[in-house]
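Quick note on labels: first sequence line is chain A, next is B, and so on, each numbered from 1.
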Protein chains: 2
Amino acid sequence: MTKFSTRPLYLQLHDALTERVASGQWKPGPIANEGNLAREFGVSLGTVRKALDLMEAERLVTRRPGRGTFVNDQTAHDLSSRFCNIRTVDGRPVERQFRVDKTEETRANDVERERLGLGENDRVYRIRRLRMDGDRPLMVEDFSLPTALFLDIPDTIPDIVVLAQQNGMVLGKAAERITLEVAAPAVSKPLSVPDNSVVLVLDQVIHTLLGRRAIWRMGYCHLGHEYTYLAEMS
Amino acid sequence: MTKFSTRPLYLQLHDALTERVASGQWKPGPIANEGNLAREFGVSLGTVRKALDLMEAERLVTRRPGRGTFVNDQTAHDLSSRFCNIRTVDGRPVERQFRVDKTEETRANDVERERLGLGENDRVYRIRRLRMDGDRPLMVEDFSLPTALFLDIPDTIPDIVVLAQQNGMVLGKAAERITLEVAAPAVSKPLSVPDNSVVLVLDQVIHTLLGRRAIWRMGYCHLGHEYTYLAEMS
DNA sequence: CCAGATTTGTTCGTATGTATC
DNA sequence: CGATACATACGAACAAATCTG
């Protein structure tokens, strides 16, 4: 590996390999073994191992003794549902389907600039849609996506994980702030709950694996008695 | 390190070192350097390093180049507040103070046995108290603690992290399920909110670092406009 | 400010164990 | 059983951060 930077080799390698996945050069499935990667990049086996261990912790790959190292399918249900903590009471992740997409492209407002770390003249796509659990309305979602990162927005919006993938990004960490609000009609109607219902407001920012703020989403969700919000801490 | 088990050496070492902290043999502050630990346990430097790296990820120790490895003070504010995701709107963790403790010792009921993984005749301590942010009531908490793990329950209950420490345990991961409920008088009164207020119900199970379920807590919290719940996901 | 000692961080190499095919 | 690939463990060398005198 050419040494232009003083940054640790295994981190540079991590970024290079992550880029191969993000760009689509490496698709879900097996990749070269540790020894071949070490030769290809001119680093030691331990360095390759450290980079791959990191990527496994980030859920980008899975390593299996005797089998090999595999790029994960980010669109698999358990991976793409990790940015929504809502579960049915028996712990099952919700089925995701979407309705009523509405998209516009405009200059970012103050909140969008603050949440996404944008500049004065940066622009965003705004998407409003209804997230369904099967045939039951679950959450009204308002997305803001920087046009600088999302070049290609199709007419019908797929899951955000897929949308990120189509734009050469892999999603990493996210943080979500929860508050309570009385639902406005624009929320209670699509959710088909009474006008004065109290709903969870989920203010979420999602970063890419390389640390860029890529998605801001406001979610409005009436848990009812069928759903819970599941948080883990350590 | 004597090899009685087929379990990886670095995991055995991890447990041994964790036990030194849990038992109080190692108090917050510097510990022996990697080389000395390797000699003491008869393992290689890399094995010590792997065990300590794991313990750092678990936030049990902090490692600093040129300085050494330090046992963390689990009662420090940033560490003991990690099991409560409630923040003020400006992101500050809440000040924790407690009121109105009420303790009883009794046989575990069905829910307690299920949440804590207890047997038919196991017993628990039940503690109800009011968590304050400064002088403002924040959350009504109902704790259930297995008597098998908590031998020594003082009259005035300190923070659960301290209570665990006094009983030779270090807390690790926790999971929390959130639902919404209309506050019962037993909740709305101490919180001094109206009777029909909707509150967050926080159903939390905390594990020790060695993986035992140690604490079940039901929390009842009225966020209001001053507080938010902060969740992270990856 | 520098020189040297100490400690963790990174990188290399090698050998052996374990899981899978 | 043998071949392959990841997992563990050891050892050694140098780099980078920190502290001391």
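A heavy-atom distance below 4.0 Å to DNA chain C is reached by these residues of residues 26-33 of chain B, ordered by number: Asn33(B). Contacts with DNA chain C (heavy atom under 4.0 Å) in residues 47-68 of chain B: Arg49(B), Arg63(B), Arg64(B), Pro65(B), Gly66(B), Arg67(B), Gly68(B), listed by number.
Across the protein-nucleic acid pair, Leu37(B) atom CG and dA9(D) atom P stand 16 Å apart, rounded to whole Å. As a whole-Å value, the separation of Leu45(B) CG from dA13(D) C1' is 12 Å. Taking atom CG on Leu9(B) and atom P on dG11(D), their separation rounds to 12 Å, with Å as the unit. Separating the NE2 atom of His14(A) from the C1' atom of dT10(C) is a distance of 17 Å, rounded to the nearest angstrom. Glu34(A) places its CD atom 12 Å from the C1' atom of dT4(D), with the value rounded to the nearest Å.
Legend: residues meeting side-chain hydrogen bond (donor to acceptor under 3.5 Å, both in side chains) with Asp15(A), ordered by chain and number and at least two apart, are Arg7(A). Listed by chain and residue number, Asn72(B) satisfy the side-chain hydrogen bond (donor to acceptor under 3.5 Å, both in side chains) test with Thr62(B) (two or more places apart in sequence, or in another chain). Residues that satisfy the side-chain hydrogen bond (donor to acceptor under 3.5 Å, both in side chains) test with Thr208(A), not counting sequence neighbours, are absent from this structure.
Side chain to side chain, Asp142(A) and Trp216(A) fail the donor-acceptor criterion of an N or O pair below 3.5 Å. Using a 3.5 Å distance cut-off with no hydrogens or angles, the side chains of Tyr227(B) and Asp133(B) do pair a donor with an acceptor. Looking at Gln74(A) and Arg82(A), their side chains do bring a donor and an acceptor atom within 3.5 Å of each other.
Under the 4.5 Å side-chain criterion, counting only non-hydrogen atoms from C-beta, Thr228(B) is not in contact with Ile86(B).
Residues in residues 157-173 of chain A take part in these side chain to side chain donor-acceptor pair (under 3.5 Å) pairs, two or more places apart or across chains: Arg96(A)-Asp159(A).
A sub-4.0 Å separation between OP1 or OP2 of dT11(C) and a side-chain N or O of Tyr10(A) is absent.
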